[in-house]
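For reference, the structure is listed below as structure tokens.
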Amino acid sequence: MKFFKNYSPKKNVKILIVDDEMTVAQMVSDTLENYGFDTIICNRSEETFKYLEEHKIDLVLLDFVMPGLNGVEVAKKIREESNEFIPIIIVSAINNEKDKVIGLRYADDYVTKPFSIDEMIARINVHLRIGQLQNELLASKTRYQCLYENIPEMVISLDIQKRISDCNTVFCNCIGTEKTNIIGKPFLAFFSEDEHILLNSFFNQLKPQTISDNQRIFRLKNHCKGDKPIYLNIQAVRIGEQEAGLDIIAAMKDISISVNLQKQQKMARLQLYRSARLASIGILASGIAHEMNNPLTAILGFSDSLLHRFNEGDAIDQNEIIEYLNIIKTESLRCRDVVE
């Protein structure tokens with residue numbers, strides 16, 4: 001009973017009575033109106049659909065045998081053409097198992113004539129309650145589908161085998177194809193093979209009914225943006241029951257601009273580091289040049305002096321030669337130390 005605690009019968013419930021015998025139809029109509037229901041009588045099956053188009057009908061009482069389309073054919077057409085769930089009860093004097101089975105293919109109940117008024121009212125109330133719950137479910141599904149389709153990020157649904165069971169328009173636009181060409185394909189097919197292990201690990205770590213804490217970045221392989229890679233930030237959640245296979249819903253955000261910007265920033269930092277190293281090398285080279293120039297000046301000066309005096313035939317004291325050579329040696333060792 002907890003499931004139905006929010007159910008409350010609607011006021012002004014409209015019931016369509018479809019029966020070619022006006023006497024029976026009028027009797028049923030009068031009885032139902034005494035119980036507070038609004039009724040509409042239609043004695044031809046072909047007119048039923050016009051009434052359904054022009055009126056908001058909450059339940060249909062449908063005779064099995066009628067001229068033209070029979071009750072089963074009318075019920076089938078109502079199911080195929082109606083956007084809402086309308087409970088259908090077939091009322092018939094035919095009481096055999098075969099016809100009941102045929103009638104219940106499209107109808108929700110089968111009541112044989114003559115019937116108890118109390119039982120009929122009870123059955124009507126049951127099916128009105130079911131109809132209300134069905135329409136609430138349909139409305140909830142419609143709202144969910146609208147939200148699913150209009151989320152500004154890519155959204156996909158995966159079955160237990162990680163095949164795409166549904167996807168929204170944003171994902172289709174990113175891939176560059178229609179949904180019919182995507183449904184049923186393995187999700188991993190849209191990523192390069194070197195991403196498959198990480199993707200499988202990511203999905204296998206998901207816990208039921210819990211959104212993944214760890215956001216992972218993956219590169220999309222098939223897309224409509226040419227050679228430019230698309231990087232996706234994926235978050236996912238497992239839904240459903242274990243026995244039915246846990247479905248996965250994944251939301252994917254295109255972060256290609258952010259990733260490319262980070263790459264550009266990284267390249268800029270590397271260039272800056274290279275420039276800084278080159279500047280450091282320049283400063284080092286300048287310092288080395290300065291340190292080398294002083295001893296080289298002394299070496300060149302004393303060696304030129306000795307060569308000049310030898311070439312001119314000037315007398316040179318041996319002690320003076322030794323002194324000059326010692327200076328040249330000392331300054332040469334100084335250059336060696338600077339190089340080291």
Side-chain angles (χ1 to χ4, degrees), residues 152-154 174-176 188-205 212-236 250-340:
E153 297 178 1
M154 288 175 272
C174 180
I175 299 301
L188 298 182
F190 296 96
F191 296 83
S192 57
E193 292 185 2
D194 56 354
E195 299 270 29
H196 290 187
I197 296 177
L198 290 175
L199 277 166
N200 277 320
S201 175
F202 173 76
F203 287 129
N204 292 336
Q205 291 176 3
S212 57
D213 294 330
N214 55 329
Q215 301 181 17
R216 297 296 298 271
I217 298 176
F218 300 94
R219 179 175 173 175
L220 194 63
K221 182 177 69 172
N222 294 352
H223 55 82
C224 62
K225 296 185 179 180
D227 296 330
K228 291 184 178 179
I230 294 182
Y231 295 93
L232 302 178
N233 186 326
I234 301 181
Q235 278 190 301
M252 300 173 289
K253 184 176 182 180
D254 187 347
I255 57 170
S256 304
I257 295 178
S258 176
V259 171
N260 291 331
L261 181 60
Q262 290 178 6
K263 287 185 175 181
Q264 292 174 3
Q265 291 174 343
K266 184 177 180 180
M267 291 180 62
R269 286 195 295 270
L270 289 174
Q271 291 177 353
L272 182 61
Y273 294 154
R274 292 193 187 99
S275 298
R277 286 199 296 270
L278 289 174
S280 299
I281 292 172
I283 294 172
L284 178 62
S286 176
I288 291 174
H290 180 267
E291 291 295 324
M292 296 285 281
N293 277 333
N294 290 331
L296 287 174
T297 300
I299 291 171
L300 288 173
F302 284 106
S303 60
D304 282 343
S305 177
L306 287 174
L307 287 172
H308 178 73
R309 292 170 71 175
F310 279 123
N311 291 332
E312 294 295 329
D314 295 340
I316 305 175
D317 183 59
Q318 185 176 0
N319 293 330
E320 187 177 1
I321 294 175
I322 292 173
E323 180 183 358
Y324 282 11
L325 290 176
N326 281 330
I327 292 173
I328 291 172
K329 180 181 178 181
T330 300
E331 295 302 320
S332 297
L333 292 174
R334 181 180 172 187
C335 287
R336 184 196 65 182
D337 294 340
V338 170
V339 171
E340 290 180 352

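Residues His196 and Phe191 approach most closely at NE2-O, 3.0 Å, considering heavy atoms. Minimum heavy-atom separation, Leu232 to Asp254: CD2-CA, 4.1 Å.
Note that the CG atom of Leu198 and the CG atom of Leu188 stand 11.0 Å from one another [nearest 0.5 Å]. Note that OG1 of Thr330 is 6.0 Å distant from CG of Asn326, once rounded to the nearest 0.5 Å. With values rounded to the nearest 0.5 angstrom, Phe203 atom CZ is found 5.5 Å from Ile234 atom CD1. The CG atom of Leu300 sits 9.0 Å away from atom CD1 of Ile328, with the distance rounded to the nearest 0.5 Å. In this structure, CE in Met154 is found 10.5 Å from CG in Asn233, a value given to the nearest 0.5 Å.
Partners of Ser332 under the side chain to side chain donor-acceptor pair (under 3.5 Å) rule, at least two apart in sequence or in another chain, do not exist in this structure. Not counting sequence neighbours, Asp337 has no partner by the side chain to side chain donor-acceptor pair (under 3.5 Å) test. Residues satisfying the side chain to side chain contact (heavy atoms under 4.5 Å, CB included) test with Glu153, not counting sequence neighbours, are Ile151, Ala251, Lys253. Annotation: side chain to side chain contact (heavy atoms under 4.5 Å, CB included) contacts of Asn204 (sequence neighbours excluded): Lys162, Asn200, Arg238. The salt bridge (charged side-chain N to carboxylate O under 4.0 Å, His left out) test applied to Glu331 returns Arg334, not counting sequence neighbours.
Shown here is Ile197, whose CD1 atom has no more than 12 heavy atoms of other residues, nucleotides or ligands within 6.0 Å.
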